[in-house]
Number of protein chains: 2
Amino acid sequence: MKRKIKTMEEFAEVSGISRPTISKYFNDPESVRRSTRDRIEIALEAYSYRPNIFAINQNRKLTKTIGIVVPYLADPFFAEIVRLMERRCMDAGFSPMIFSAHGEQRLENDALAALQSQRPAGALIAPLGRHSDFDSVRHFTEEVPTVVFDSNVKVGEAFVGSDSFQSIPLIVDYLCRSGEPPCFLEMPPVNPNANKRRDAYTLAMERLGHDPKVIRVDGKGWDFERIGMDEGMRLISNKELPSETVLCSNDRLAIGFIAAAYQQGLRVGHGAGCALRVAGHDDHPWARFTCPPLTTVAQDYSAIVDRSVEKLFDLIENGRTQEERPEVLIECKLVLRSSA
Amino acid sequence: MKRKIKTMEEFAEVSGISRPTISKYFNDPESVRRSTRDRIEIALEAYSYRPNIFAINQNRKLTKTIGIVVPYLADPFFAEIVRLMERRCMDAGFSPMIFSAHGEQRLENDALAALQSQRPAGALIAPLGRHSDFDSVRHFTEEVPTVVFDSNVKVGEAFVGSDSFQSIPLIVDYLCRSGEPPCFLEMPPVNPNANKRRDAYTLAMERLGHDPKVIRVDGKGWDFERIGMDEGMRLISNKELPSETVLCSNDRLAIGFIAAAYQQGLRVGHGAGCALRVAGHDDHPWARFTCPPLTTVAQDYSAIVDRSVEKLFDLIENGRTQEERPEVLIECKLVLRSSA
DNA sequence: ATGAAATTTTTACTCCCGTAAAATTTAATC
DNA sequence: GATTAAATTTTACGGGAGTAAAAATTTCAT
């Protein structure tokens, strides 16, 4: 009959080890003598005690919590990034805590406040971007060691993200070589990336001696596919497309656009008999399952996660020694499928 | 010059109100006299103090945390459910905490342990199902008031989910009326739902006097689209499909299967000139953007979330008074698009 | 103004563990 | 076996707020 062990004091009794040593053990099992560790672990199996996390964190200035904040968790790009980050944090002995802003400034602020009240050791955040409450985000980063990823809001100790000025030329160049130069389909930008992509498109086209053609469609929120489809339907039926090659600002928009083309009876692809070529950006998890499979530029998910996490661990261990805020730009890769 | 307020004691000083009253205010602003509340709120704006969450939770047996645990957060079905649940919890004054098992038993156990150590007021969990460590999950639910959703593992105080024996006949009936009776495409079941759907299919077909044809394809993990596509390619090129109408166990599988059909040059749809009809189940957020748009049975996301959350709040307020574990089954709706 | 009811203040104890300092025990070295 | 170094035990305090009980104050109706 094993009595319920609630406190470290009680566990110290039943295990025959003093409380401070038990405490030491839980902070780092290697820090106690081998024989002691064994005795503790034997008792641990017999009584299954776990220290109270609130009491622990109350006395530690830095907890083992790492916050992960994304603008929209139901976006497969962020879902995947979060999945990878979570694992990396757990493997390193941290407890990741996930927050989503659900695309709203108020909720981003709430998330940051909730996270900050947890006194996390650090945070990995992808800000909303244009819709962020800049002061609020900055205030957060002043208190918590933070690596910003994806959307380069100028706060935090470091930034990790993809380089639009490398990725966009890649696909623009390919599209120009293989057919009619592309027009660029964008929606009102939700973050700095969207603007950079457009600018990179314009620059790339001009370099190649072509006339850039940007189509800005309306639409709010994070329903990118719906926007791509609705506006695609309109553009196609009104014959407003300035080119038969459409480069979409991101894959989700492209997925919607392809659906529109299909419903309008336009065959998408780079082969003969195709009326339209469509390309995207990001290599979303679902990009390979569109009809036809989407030609796109792949963001390097692993690299983004690895570099972000490494940088954060470095920050946590060595403090904010950095003179200037480093910006790590990660290369994208062209992924040729059959949509363009 | 506002000094930094760290403790409630200090805040009591600067606000001129006693600490116990401040404490009362933070637990429920309505519980103090109007004039007192105003004085506190004025001080609050001037000093921006927030109580330490660890100190708070240390003395409370039930926190304001609600855990949300799903088997795979990158699955859009769960991403969407989580999104809705999170909001409902926040609106009710709770702090939702999200966990994903990433499809692995070990990680599900880790998530439950991490959650339990937070002493949550309650939990909303969708267990892995067949891959769950049953004892571990049951142990969790014995300590934490829990509503189980989606996958009916027999633990917790209540279950909320869709009724496969209502939804599947709906689509089987439609498919039989409108063309060749469907075969059923499934992968090795990850949870009880998958089995129920197959059984419901068999039953529905027999009721209509047709011969049920179940195709079980291989594949592990949560890459449903990939499995659907790879196995679809094989089935189609080997001409192993027993029917021109394919009912997939879920939408993600269907999305992959449609991609396979497209790549094999088979036209999918219910119209003339189509070689194949494909239907799914769930109405995933992306189901409307396939080519052609997917005919499916829609799970009622809002209802699932609402009923789950209501039930949990009831549990939290009134304790576990329930004699028997209620199972709430929610109706699905047929969604006719053009894939079948 | 008076008495009763509702609030607030005072005081004090609790929650569970981190951690520092001094005293003691154990292990390692020659 | 004596010397030293390393680990453990003892003792004690602190962290920040919940909460109970008694005393003091405010509010409100009569």
Side-chain angles (χ1 to χ4, degrees), chain A residues 3-44 47-65 93 95 116-121 143, chain B residues 3-44 47-65 93 95 116-121 143:
Chain A
R3 56 188 262 230
K4 283 255 179 177
I5 304 295
K6 300 244 74 175
T7 78
M8 195 175 273
E9 200 89 47
E10 285 171 26
F11 183 70
E13 271 183 45
V14 299
S15 65
I17 309 278
S18 74
R19 191 173 72 72
T21 305
I22 306 275
S23 172
K24 226 176 154 224
Y25 167 84
F26 277 108
N27 279 315
D28 176 12
E30 302 295 317
S31 70
V32 304
R33 201 189 294 143
R34 174 89 220 180
S35 58
T36 313
R37 198 186 323 155
D38 290 343
R39 286 170 64 197
I40 293 178
E41 277 161 7
I42 286 168
L44 220 42
Y47 295 92
S48 81
Y49 154 78
R50 307 207 55 167
N52 178 311
I53 192 140
F54 302 112
I56 291 176
N57 286 336
Q58 179 156 8
N59 277 355
R60 267 215 279 256
K61 52 186 70 130
L62 90 163
T63 66
K64 281 293 197 176
T65 301
S95 302
Q116 192 172 343
S117 75
Q118 293 285 328
R119 302 188 192 226
E143 302 293 321
Chain B
R3 58 188 261 231
K4 282 252 179 182
I5 304 293
K6 300 243 70 177
T7 77
M8 196 175 271
E9 201 89 48
E10 285 172 26
F11 182 70
E13 272 182 45
V14 300
S15 64
I17 309 277
S18 73
R19 191 173 72 71
T21 304
I22 306 275
S23 171
K24 222 169 158 240
Y25 168 84
F26 276 107
N27 281 313
D28 176 14
E30 302 295 318
S31 70
V32 304
R33 201 190 292 142
R34 176 87 219 181
S35 58
T36 312
R37 199 186 322 156
D38 289 344
R39 286 170 63 199
I40 293 177
E41 276 160 7
I42 286 167
L44 220 41
Y47 294 93
S48 80
Y49 154 80
R50 308 207 52 168
N52 178 311
I53 192 148
F54 302 112
I56 291 175
N57 287 335
Q58 183 154 358
N59 266 2
R60 265 216 280 255
K61 49 188 69 132
L62 91 163
T63 65
K64 280 295 197 177
T65 301
S95 303
Q116 193 172 342
S117 75
Q118 294 285 328
R119 301 186 193 231
E143 302 292 319

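In what follows, every chain begins at residue 1, and chains take the letters A, B, ... in the order their sequences are listed. Quantities reported herein were computed from a predicted structural model and do not represent experimental measurements.
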Provide, to the nearest angstrom, the distance between the [atom1] atom belonging to [X] and the [atom2] atom belonging to [N].
| X | N | atom1 | atom2 | result |
| --- | --- | --- | --- | --- |
| B:I17 | C:dT10 | CD1 | C1' | 15 Å |
| B:R39 | D:dT26 | CZ | C1' | 12 Å |
| B:R34 | D:dC28 | CZ | P | 13 Å |
| B:R33 | C:dA5 | CZ | P | 17 Å |

Contact under 4.0 Å: B:T21 side-chain N or O vs C:dT8 OP1/OP2: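 False: B:T21 side-chain N/O out of range (4.0 Å or more) of C:dT8 OP1/OP2.
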Any A:T36 side-chain N or O less than 4.0 Å from OP1/OP2 of D:dT8: yes
Side chain proximity check, B:E30 to B:R37, heavy atoms < 4.5 angstrom: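 Of all side-chain heavy-atom pairs linking B:R37 with B:E30, at least one is under 4.5 Å.
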Side chain proximity check, B:N57 to B:R119, heavy atoms < 4.5 angstrom: no
Exam field: side chain [X] to backbone [Y], donor-acceptor pair closer than 3.5 Å:
| X | Y | value |
| --- | --- | --- |
| B:S15 | B:I40 | no |
| B:K24 | B:S31 | yes |
| B:N27 | B:S23 | yes |

Heavy atoms of other groups near A:R60 CZ, more than 12 under 6.0 Å: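 Correct, the count exceeds 12.
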Reading 5' to 3' through nucleotides 14-23 of chain D, protein heavy-atom contacts under 4.0 Å coded B for base, S for sugar-phosphate only, - for none: BBBBBB----
